[in-house]
A.B. asks: 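Let me give you the structure first, and then I'll get to my questions.
To find a chain, count down the sequence lines: A is the first, B the second, and so on, and within it residues start at 1. The analysis underlying the following values was restricted to heavy atoms, covering all of them including side chains, and did not include hydrogens, waters or symmetry mates.
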Amino acid sequence: MASNVSLKGKEKAGKGSKSSEERSAKCVKEWSTWAMKKAKVITHYGFIPLIVIIGMNSEPKPQLYQLLSPV
Amino acid sequence: MGSSVSHAAAPPPPLPSPSPPPSSVGLAAALPPKQDEKAEPEKVDWLNLPCPIPFEEIQREALMSLKPELFEGLRFDFTKGLNQRFSLSHSVFMGSMEVPSQSSDTLKVPTAHYEFGANFLDPKLMLVGRVLTDGRLNARVKCDLTDNLTMKINAQLTNEPHFSQGMFNFDYKGTDFRSQLQIGNNAFYGGNYIQSISPHLSLGTEIFWLGHQRKSGIGFAARYNTDNMVATGQVASTGIVALSYVQKVSEKVSLASDFMYNHLTQDVTSSFGYDYILRQCRLRGKIDSNGVFAAFLEERLNMGVNFILSAEVDHRKKDYKFGFGMTVGE
């Protein structure tokens, strides 16, 4: 009886330590997936405006109307 | 295709005369004979070999001649430069696009889209972005981190989940070798290395690993080129053997041929094509062992205005594709 109780106690302690490592790995995975999703949305909406901003600020600076007119 | 076959049958433009004109006796005595200069081979500096072509461009001459961007329908491209480095592009396409289908019939879907693009080209940084009306974004970034190290990013982002793709490339250029490391989504890792063995011959190898499908592969490539010809060969563990040969017949004409064998699907394809680069136009045509005849013409109507005609006739599948378009702007 005493040995059974001690065995059960050891098993519970083993499971506890494993689950904390698994939990931290899962946290990192969830955070990185969340970060990649946000980065994808930001790139999707912001890449072309980024190029336009960098281009309009390069030398020689083009005028704003040149962006829209076909000439 | 009638036009491509008739062009192939037409006599090629006369080649420039290779031999020097016979000189008079007095001149021959005064000048040193030319034959001696040609007979003596140039000394090879084995420690100073030229830098080889990047591994993914090893077949670029053959691809340029044999695989032009054929399309079906109307295509209109307008490129407006605001600056020496910054330009915007507008592109309209109306026509049929092929949808891959399980049966042997080709499935065509009529599509029309407008594409807006912005390019920023700097010697050290290149940013190219294209966005379509259905929300797809094509982005390319090339950045020179140092003199020898280059980083390239290539991405296609879509609104549908799980369909986006991205790839990071890191290139290192040495004095006579190039190496590249690739990291892509779906846990794709790849690398390649190419080395100049002699002034004309370079050998390369590549290796890749797909994480999600646990597939890996290795391949070898060789490229031999002189001033007038390029011969390449590629073998991969995915069961593909690809050979190509391009001969520059004159300044304006080059002929190319290509052979591909897929061991797993027992598929053999061979094609033969020509590339005429004339003053006002560029004409490319090819004949395939699958019964495909294709031709692509780019005609320069005026400064910056190009007229494009594209034709692809597949006799085996009875699929005929004709396209026309115009490109305005540099």
Side-chain angles (χ1 to χ4, degrees), chain A residues 2-71, chain B residues 76-90 92 114-143 153-168 183-187 304 328-329:
Chain A
S3 56
N4 279 353
V5 168
S6 62
L7 265 174
K8 274 188 190 168
K10 271 190 191 166
E11 278 177 4
K12 271 194 185 166
K15 270 186 193 167
S17 64
K18 250 194 202 171
S19 70
S20 72
E21 282 175 5
E22 280 176 3
R23 242 183 285 138
S24 58
K26 263 190 187 173
C27 263
V28 168
K29 244 194 204 173
E30 274 174 24
W31 270 23
S32 65
T33 314
W34 175 89
M36 288 299 289
K37 279 193 180 161
K38 292 297 173 197
K40 188 214 158 207
V41 172
I42 292 174
T43 316
H44 206 148
Y45 282 105
F47 189 70
I48 300 254
L50 171 77
I51 302 182
V52 172
I53 289 174
I54 293 183
M56 294 300 279
N57 286 334
S58 64
E59 294 304 322
K61 268 200 187 174
Q63 303 288 322
L64 196 56
Y65 73 89
Q66 282 179 307
L67 256 184
L68 302 169
S69 85
V71 174
Chain B
F76 179 75
D77 292 331
F78 174 59
T79 307
K80 177 181 157 64
L82 280 86
N83 203 339
Q84 210 183 8
R85 296 179 242 177
F86 178 53
S87 58
L88 298 171
S89 85
H90 308 265
V92 173
Y114 161 74
E115 182 182 306
F116 173 72
N119 310 333
F120 179 74
L121 303 154
D122 198 38
K124 291 216 160 174
L125 173 68
M126 181 187 95
L127 299 166
V128 171
R130 300 261 182 279
V131 66
L132 283 111
T133 40
D134 52 9
R136 274 183 292 163
L137 172 75
N138 275 345
R140 273 175 37 205
V141 175
K142 175 170 133 21
C143 178
I153 306 176
N154 216 330
Q156 277 105 40
L157 303 177
T158 58
N159 276 331
E160 300 151 24
H162 302 299
F163 271 83
S164 309
Q165 295 173 4
M167 177 104 79
F168 280 81
I183 303 176
N185 72 333
N186 286 343
V328 181

A.B. asks: Need one label for A:Met36: side chain, backbone, both or neither, based on atoms under 4.5 Å from any heavy atom in chain B.
C.D. replies: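 It is neither, since no heavy atom gets under 4.5 Å.
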A.B. asks: May I ask you to test the B:Gln84-A:Ser58 pair for a side-chain heavy-atom distance under 4.5 Å?
C.D. replies: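 With C-beta onward as the side chain, the pair stays apart.
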A.B. asks: List the atom of B:Phe116, the atom of A:Ile48, and the distance in Å for their closest heavy-atom pair.
C.D. replies: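 Result for this residue pair: CE2-CG2, 3.8 Å.
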A.B. asks: Report yes if the side chains of B:Val141 and A:Phe47 come closer than 4.5 Å at any heavy-atom pair, otherwise no.
C.D. replies: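 Yes - at least one pair of side-chain heavy atoms lies under 4.5 Å apart.
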A.B. asks: Taking every heavy-atom pair that is under 4.5 Å apart, which of B:Thr158, B:Asn119, B:Leu125 has the most such pairs with chain A?
C.D. replies: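 If we count pairs closer than 4.5 Å to chain A, B:Thr158 comes out on top.
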A.B. asks: Would you say the side chain of A:His44 lies within less than 4.5 Å of the side chain of B:Asn159, judging by non-hydrogen atoms?
C.D. replies: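 B:Asn159 reaches A:His44 side chain to side chain.
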A.B. asks: Could you look at B:Val128 and say if it's the side chain, the backbone, both or neither that has a heavy atom under 4.5 Å from chain A?
C.D. replies: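 Only the backbone of B:Val128 comes within 4.5 Å of chain A.
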A.B. asks: As an exercise, state the distance from CD1 of A:Ile53 to CZ of B:Phe120, rounded to the nearest 0.5 Å.
C.D. replies: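 The CZ atom of B:Phe120 is 12.5 Å from CD1 of A:Ile53, to the nearest 0.5 Å.
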A.B. asks: Could you look at A:Leu67 and say if it's the side chain, the backbone, both or neither that has a heavy atom under 4.5 Å from chain B?
C.D. replies: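 Looking at A:Leu67, backbone and side chain both touch chain B.
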A.B. asks: Taking OH in A:Tyr45 as the centre, count heavy atoms belonging to other residues, nucleotides or ligands within less than 6.0 Å. Is the count above 12?
C.D. replies: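 No, not enclosed.
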A.B. asks: Give the minimum heavy-atom separation between B:Lys80 and A:Gln66, together with the two atoms involved.
C.D. replies: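 Smallest interatomic distance, heavy atoms only, reads CE-O, 2.7 Å.
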A.B. asks: Sort B:Phe78 into side chain, backbone, both or neither according to what part of it lies under 4.5 angstrom from a heavy atom of chain A.
C.D. replies: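 Side chain of B:Phe78 only, per the 4.5 Å heavy-atom cut-off to chain A.
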A.B. asks: For B:Gly129 and A:Ile51, work out which heavy atoms get closest and say how close.
C.D. replies: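 Answer, listing the atom of B:Gly129 first, then A:Ile51: N-CD1, 3.6 Å.
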A.B. asks: If I measure from the heavy atoms of chain A, does B:Asp122 come under 4.5 Å with its side chain, its backbone, both, or neither?
C.D. replies: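 For B:Asp122, no heavy atom lies under 4.5 Å from chain A.
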A.B. asks: Between the main-chain N or O of A:Pro60 and the side-chain N or O of B:Asn83, is there a donor-acceptor pair closer than 3.5 Å?
C.D. replies: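 Yes, because the side chain of B:Asn83 sits within donor-acceptor range (under 3.5 Å) of the backbone of A:Pro60.
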A.B. asks: Counting only heavy atoms from other residues, nucleotides and ligands, does the tally under 6.0 Å from CZ of B:Phe168 exceed 12?
C.D. replies: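 Open.
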A.B. asks: With a 4.5 angstrom heavy-atom cut-off, is it the side chain or the backbone of B:Leu82 that approaches chain A, or both, or neither?
C.D. replies: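 Looking at B:Leu82, backbone and side chain both touch chain A.
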